[in-house]
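Sharing a structure with you now.
Below, read A as the first sequence line, B as the second, and so on, with proteins coming before strands; counting in each chain starts at 1.
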Protein chains: 2
Amino acid sequence: MRREVTLRDVAELAGVSSRTVSNVVNGYANVTERTRERVQRAVDELGYRPNVLARNLAQGRSGQIAVVVPYLDTPYFSELLQSVIRAARARGYNVLIDQTDGDPEHERAFIAHGSRRLLFDGVIFSPLGLDQQALADRDPALPLVVLGERTSDGGFDHVGIDDVTASRQATDHLLDLGRQRIAAIGDQPYATGEAAQRRTRGFRLAHQARGLVPREDLIISTPRFNRPDGAQAMAHLLDLAEPPDAVFCYSDLVALGAIRTIVSRGLRVPEDVAVIGYDDIEDGAYSNPTVTTISPDKEMIATTAVDRLLLRIASDTPPPGLEMRAPHKLIIRESTAGRTTATA
Amino acid sequence: MRREVTLRDVAELAGVSSRTVSNVVNGYANVTERTRERVQRAVDELGYRPNVLARNLAQGRSGQIAVVVPYLDTPYFSELLQSVIRAARARGYNVLIDQTDGDPEHERAFIAHGSRRLLFDGVIFSPLGLDQQALADRDPALPLVVLGERTSDGGFDHVGIDDVTASRQATDHLLDLGRQRIAAIGDQPYATGEAAQRRTRGFRLAHQARGLVPREDLIISTPRFNRPDGAQAMAHLLDLAEPPDAVFCYSDLVALGAIRTIVSRGLRVPEDVAVIGYDDIEDGAYSNPTVTTISPDKEMIATTAVDRLLLRIASDTPPPGLEMRAPHKLIIRESTAGRTTATA
DNA sequence: GTGAAAGCGCTAACAT
DNA sequence: ATGTTAGCGCTTTCAC
């Protein structure tokens, strides 16, 4: 690679010190209009580009934040990522994206202080489940914002929607339709399944508020929240002696998988089984039938997370960990309301 | 942030020079087992972590490659990205992901030599369409591998599948089913739509080989390859006096949008209209109906692209630009074959 | 407002 | 096999 034009080259040509060039390049105040112009001309003439690597080293920061998600090809995450990238870029930060494949070991490595530590100034972390070991091992100096999962650890921030309330609303919607046997797909009754458990809690609360008790055999757990899981769980439910007439799925993918199974058995959605999802991914707006869902405000989640992380990065004394709630809403579509009019 | 442990600290504690520590840390040869051990102990004791930023500067490389895609939330790209990340990581590289939002200006900025240039050692670039201006402005010193689009410029490599043949196979499949009026959705009859045009060419070739001529009013162009585009184009087709009985869609998303429109009009897939897509995204395997599609070998595309890029990065004299073809296959599902048996 | 010079922490050419 | 040392290109404290 040919030698790059350096700050010093520019300084020499402009007849000033490198300090002054640095000032001009970074838009600092104390420069006369005349020198600024002279320097600028030299910059243009030489085609000077600041060396980010050198700047990073000198400043001890990288200008990058990492966003860690379990799976990149899960629509919810890729849609969220889009918003995060936009927000970060608008604030002058690059985004380094990584997926953990849901591997707890990998998740741990990311927030522990490893060799890659200096590649990013902070991390927005969307864990599959919050592994306590990972939290214990984490580098306390690493600015961190966690998405989705909640926690009591005060060392970082958390951004998410109110899962319990949202799940309760979803269940209420099914109950309002007069459904009698409502199933839930996606529970995760183990340590790292906190988010799932909050949804189950909302599911139960909705029943209790009406003096009902959900049938335990209708609450199905799944390892992940994807289509195959949904398809399989639904198959199991339909094989029951008294199959459900409605299903609350903990993600839209699960809902799509479930719908697939229902339809392939020759049953109809929502006539035979009403289905509601969670996440509001684009797929659900174009599927047959379209999927009723809980829609978290992803844009808000993203900007909140980025802003909070940058604040944390900028602070000398780390601010206390904060719980932040983004809004959500219920979007009613065909999988519960049925087909309405023919659309264009 | 507290002061980091440096190489020199380790050297001091171990009673050796920093050079030796560097050798140990990087696993170089010339170190006695005894010194290696002593150094290692010092490293462990101090909890030393090499500073990536400093290493990058000293080596003049970043250990990162950038992958640039138009849209992150398009399943085809996010599925492809997964494979790229895996491949790059296995070879010791980080992946910096960026999306251009399909903005040609943005695409240009990425391969032109900008200030971010040194953040990555090379770029895997998946343009929406290959803008000639962007190519002209590109930094000739930047190792570059382009996905999807083809080109005559010899300065970089290209990896993709044989679009013409694949499209011809897709069309053949519809013709084999005895369909008479086959439409195509996704043509892009302008400079940056080369990939789309290759598909149209395959579409025409399949007809010609049987002495047929496709109806021109059944070839619909769309600005993008997403669901809304597919839905809208299909609506237009169904409004024709003689609507098609089969559609070749240039992406699975387009196919899903088209199917959505067909079904919402009360028509059946594939009985009234058979639909075939392109890309083999997961959605298409779980939709109702499931979508017949052209499946490019994404894993192969990803590893080929990464390997080739790393080779290019490592070379002093850049190798000549290469055209590389990844395999593809036709996957037949319900949208053309109809529903078979009830699935679990 | 501008200059001189000391790092940032590492790598690698050169010397021993 | 190991030590010495000069960069990598920038930022920034300290003088003037």
Length of the line joining Asn51(A):CG and dT11(D):P, which is rounded to integer Å: 10 Å
Per Asn26(A) side chain, nearest of listed nucleotides dC10(C), dG3(C), dT11(D): dT11(D)
Residue Thr6(A), side-chain heavy atoms: nucleotide from dG9(D), dA1(D), dC14(D) that is nearest: dG9(D)
Atom-pair distance (CD on Glu37(B); P on dA1(D)), nearest Å: 17 Å
Within 45° cone of Phe156(A) ring axis and under 6.0 Å: Arg138(A) NZ or CZ: no
Nucleotide nearest Val31(B) when distance is taken to its side chain, options dT2(D), dA5(C), dG9(D): dT2(D)
Minimum-distance pair of heavy atoms, taken over all atoms of Asp121(B) and Ser62(B): OD1-N, 2.8 Å
Listed nucleotide nearest any side-chain atom of Thr35(A), set dG1(C), dG3(C), dG7(D): dG1(C)
Contact nearer the 5' end of DNA chain C, comparing Gly15(A) with Val25(B): Gly15(A)
Rounded distance (Å) that lies between atom P of dC8(D) and atom CG of Asn56(B): 16 Å
Nearest-0.5 Å distance, CG of residue Asn51(A) to CZ of residue Arg49(A): 13.0 Å
Separation of atom CG in Leu57(B) from atom P in dT11(C), rounded to whole Å: 11 Å
Separation of dT11(D) P from Leu53(A) CG (nearest whole Å): 13 Å
Among dC10(C), dT2(D), dC10(D), the nucleotide that comes nearest once only the side chain of Ala54(B) is considered: dC10(C)
Nucleotide nearest Arg8(B) when distance is taken to its side chain, options dG9(C), dA12(C), dA1(D): dG9(C)
Whole-Å gap separating C1' (dG7(D)) and CG (Leu7(B)): 15 Å
For atom CG of Asn23(A) and atom C1' of dC10(D), their distance in whole Å: 12 Å
Sugar-phosphate only, base, or nothing, as touched by Ser22(A) at under 4.0 Å among non-hydrogen atoms: base
Sugar-phosphate, base or nothing in reach of Arg19(A), heavy atoms under 4.0 Å: base
Nucleotide nearest Gln59(A) (side chain, heavy atoms from C-beta), chosen from dG3(D), dT12(D), dC10(D): dT12(D)
Value in whole Å for how far the C1' atom of dG7(D) lies from CZ of Arg55(B): 17 Å
Ser18(B) side chain near dC10(C) phosphate (N/O to OP1/OP2, under 4.0 Å): no
Short side-chain N/O contact from Ser17(A) to OP1 or OP2 of dG3(C), under 4.0 Å: yes
Polar side-chain contact Arg61(B)-dT11(C) base: donor and acceptor under 3.5 Å: no
Thr304(B) side chain to Met300(B) backbone, donor-acceptor under 3.5 Å: yes
Ring center gap for Phe110(A) and Phe120(A) short of 6.0 angstrom: yes
Check: Arg312(B) side chain, Pro318(B) main-chain N or O, donor-acceptor pair, under 3.5 Å: no
